[in-house]
Amino acid sequence: MRACIVGAGLGGLLAAANLAREGFKVEVFEKLPYPGGRFTNLPYRGYQLSTGALHMIPHAERGPLGKMLRQLGAGVEIIPSQPQAKFRISGRDYEYEELPSLFPLRDKLKVAKIIAMLKLGRATGEESYRSWLEKQIRNELVFKIADSFTGWSLSLKASEVPAKEVIAQTKNINKLGGPGIPAGGCGGVTKALVDVLQSEGAELHLKQRVKAIKQKGGAFEVLAEEKRSYDIVVSNAGPKVTAELARTILPEEYARAVSRIKGAAGIKISVACKKPMLGHSGVLFTPEAERINGINEVTNAVPELAPPGEHLLMSHQRLAEGADVKREIELGLRDLRELFPDFKKYCRVLAVQVYRNSWPVNRAPSGTHLSPATPVKGLYIVGDAVKPEGWMETDGIAAGVEEALRHIKASY
Ligand SMILES: Cc1cc2nc3c(=O)[nH]c(=O)nc-3n(C[C@H](O)[C@H](O)[C@H](O)COP(=O)(O)OP(=O)(O)OC[C@H]3O[C@@H](n4cnc5c(N)ncnc54)[C@H](O)[C@@H]3O)c2cc1C
């Protein structure tokens, strides 16, 4: 069986490695000169910046990605964040468990109840996380904490994500634990997967854009530099691009439905620091900052991402549709200076990266659950638009690839 993978982002590489393991003859086509898409390193002045991600895996080794990497024999160590997270409120950093202590007595119990409901509860329907919270409590700090969590992890406001999705995600955090940092950063994972592809005899063609996916005589005909024939096609190019590439074979309603999906956008600021500014490897949520939702300093766990003795600090902020990007960047930079009074003395901004349109934070907002199977038998999609309920970011991608593999195994 011949499989064509369109795009060598994380979803494409995971699908390719799994199918090669299953005995498929796999070819991967990537239009860029490097594999990894938004999950690889961008070396700059001795620092390992990234093409997208903040060098973190949501559930470290215990989530779907960690599990899949192990099953594939991809040798990547994922160092658990310590602590998992802190929250900077009125200039002090609090652990999650300490949050109820911040509230007046009348709200303390309500906050403890919300925490318990997030751990054990269920929500149905499309009610947003914000309106779900408003039913439990009226407290601005609670709403700001919620926005900082969803802004950091999903690039959405709490009002833009269904409550049932956040509850499912929180349950997974409670069950599996929080984030971890792969040795070598995002690039460490990409390299390990490319090594698996090589050892399994899969072919990776870089600088080769796929221009069309058609069907001829019961097989797929994929046009890149030349036309080739395959039994199945797995696209990692995102649902919209896939619908364009396969427009002659996919029903129009499908193309129309995916064209309505709006991605989630964000801004990442990477900062070089002469000393540790956080001093830990977890996420610092910043609910009171004007724009920044959270910050990490991954070099406390993986020092090789910065020159010896220095640190890489990264902030992330959600970017609203139609916002003035220049102004949003200015506000983000102002937040950094306010969060760290000694910022000017020890820190230097390395890069400000804006993620939107065809290179967003998420091609589909969390809570959109697209099936990996398209209406055309044998054509599948993987990547960050195909995340099953409760799984965020790269763990969601791995869970989506698992689902795609189940569909493929059932049919072939
Ligand atoms: C600022 C930011 C911070 C993030 N932080 C984290 C984090 O800390 N942890 C985490 O888990 N996730 C994080 N994410 C999300 C994570 O980076 C993405 O979800 C993930 O990298 C997307 O992978 P993907 O499989 O969708 O593929 P993509 O990265 O979208 O790759 C798709 C590939 O397909 C190629 N392609 C497209 N069209 C064609 C074509 N016609 N022919 C050939 N090739 C084609 C593209 O060039 C690309 O390489 C972050 C994202 C951003 C932007």
Side-chain angles (χ1 to χ4, degrees), residues 4-16 27-40 49-60 63-66 78 81 151-155 178-182 185-187 189-190 193 204-213 222-225 233-242 244-246 263-270 283 293-294 296 298 314-319 351-364 366 381-387 391-398 400-401 404:
C4 171
I5 314 291
V6 183
L10 185 70
L13 293 173
L14 288 172
E27 279 187 86
V28 185
F29 293 91
E30 168 55 56
K31 68 178 179 181
L32 296 175
Y34 62 85
R38 287 167 285 157
F39 205 75
T40 192
L49 307 188
S50 93
T51 49
L54 294 138
H55 289 310
M56 276 186 156
I57 295 177
H59 301 292
L65 179 57
I78 305 171
S81 292
W152 167 267
S153 53
L154 316 173
S155 272
I181 300 145
C186 304
V189 176
T190 290
L193 285 170
L204 172 60
H205 307 286
L206 297 176
K207 291 200 227 169
Q208 279 214 43
R209 175 197 285 271
V210 168
K211 295 170 203 133
I213 303 167
V222 176
L223 176 66
E225 259 170 29
V233 175
V234 180
S235 176
N236 184 213
K240 280 183 201 169
V241 171
T242 307
E244 280 161 30
L245 294 174
I267 299 174
K268 180 178 74 185
I269 305 179
S270 299
V283 180
N293 304 120
N296 69 9
V298 287
M314 287 175 282
S315 70
H316 183 68
Q317 63 194 81
R318 161 192 171 270
L319 177 63
V352 177
Q353 291 159 285
V354 179
Y355 297 91
R356 56 183 171 156
N357 304 329
S358 61
W359 202 254
V361 179
N362 266 317
R363 290 195 199 283
S366 275
I381 51 174
V382 292
D384 67 1
V386 189
K387 297 194 292 260
W391 298 113
M392 62 171 87
E393 305 177 331
T394 49
D395 274 320
I397 293 175
V401 168

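Computed from heavy atoms alone, side chains included, the values below leave out hydrogens, waters and symmetry copies. Just so you know, ligand 1 is whichever comes first in the structure, and atom 1 is the first atom listed for that ligand. Just so you know, these numbers come straight off a predicted model, no measurement behind them. Residues: numbered from 1 along the sequence shown.
Near Leu32, the atoms of ligand 1 lying under 4.0 angstrom from a non-hydrogen atom of the residue are 47 (O). Close approach to Gly11 involves these atoms of ligand 1, each under 4.0 Å from a residue heavy atom: 25 (O). Proximity to Tyr355 (heavy-atom distance under 4.0 Å) selects the following atoms of ligand 1: 1 (C), 53 (C).
The closest approach between Lys211 and ligand 1 stays at or above 4.0 Å for every heavy atom of the residue. Every heavy atom of Gln353 sits 4.0 Å or more from the atoms of ligand 1. At least one heavy atom of Pro360 sits less than 4.0 Å from an atom of ligand 1.
For the residues Ile181, Ile397, Leu10, the heavy atom positioned nearest atom 20 (C) of ligand 1 is part of Ile397. Looking at Val361, Thr190, Val210, it is Val361 that brings a heavy atom closest to atom 15 (C) of ligand 1. Between atom 1 (C) of ligand 1 and the options Gly52, Pro33, Gly266, Gly9, the minimum heavy-atom separation is to Gly52.
Closest of all the heavy-atom pairs between Ile78 and Gly66 is CD1-CA, 4.2 Å. When every heavy atom of Ser366 is checked against every heavy atom of Lys387, the shortest pair comes out as OG-CE, 4.1 Å.
Taking CD1 of Ile181 as the start and CD1 of Ile57 as the end, the distance is 9.5 Å to the nearest 0.5 Å. Rounding to the nearest 0.5 Å places CD1 of Ile397 at 7.0 Å from CZ of Arg38. How far CH2 of Trp391 is from CG of Leu65: 11.0 Å, rounded to the nearest 0.5 Å. Rounding to the nearest 0.5 angstrom, the gap separating the CD atom in Glu393 from the CH2 atom in Trp152 is 8.5 Å.
Residue contacts with ligand 1, taken as heavy atom pairs separated by less than 4.0 Å, involve Phe39 via backbone and side-chain atoms alike.
In terms of protein heavy-atom proximity, atom 35 (C) of ligand 1 is nearest to Glu30 OE1, 3.3 Å. When only non-hydrogen protein atoms are considered, atom 6 (C) of ligand 1 lies nearest to Ala53 CB, 3.3 Å. For atom 29 (O) of ligand 1, the closest non-hydrogen atom on the protein side is Arg38 N, 2.7 Å. Atom 8 (O) of ligand 1 has its closest protein heavy atom at Leu54 N, 3.1 Å. The protein heavy-atom contact nearest to atom 11 (O) of ligand 1 is Thr394 OG1, 2.5 Å.
When each of Leu206, Leu204, Val234 is checked for a side-chain contact (heavy atoms from CB on, under 4.5 Å) with Val28, only Leu204 meets the rule.
Around NZ of Lys211, the count of heavy atoms belonging to other residues, nucleotides or ligands within 6.0 Å exceeds 12.
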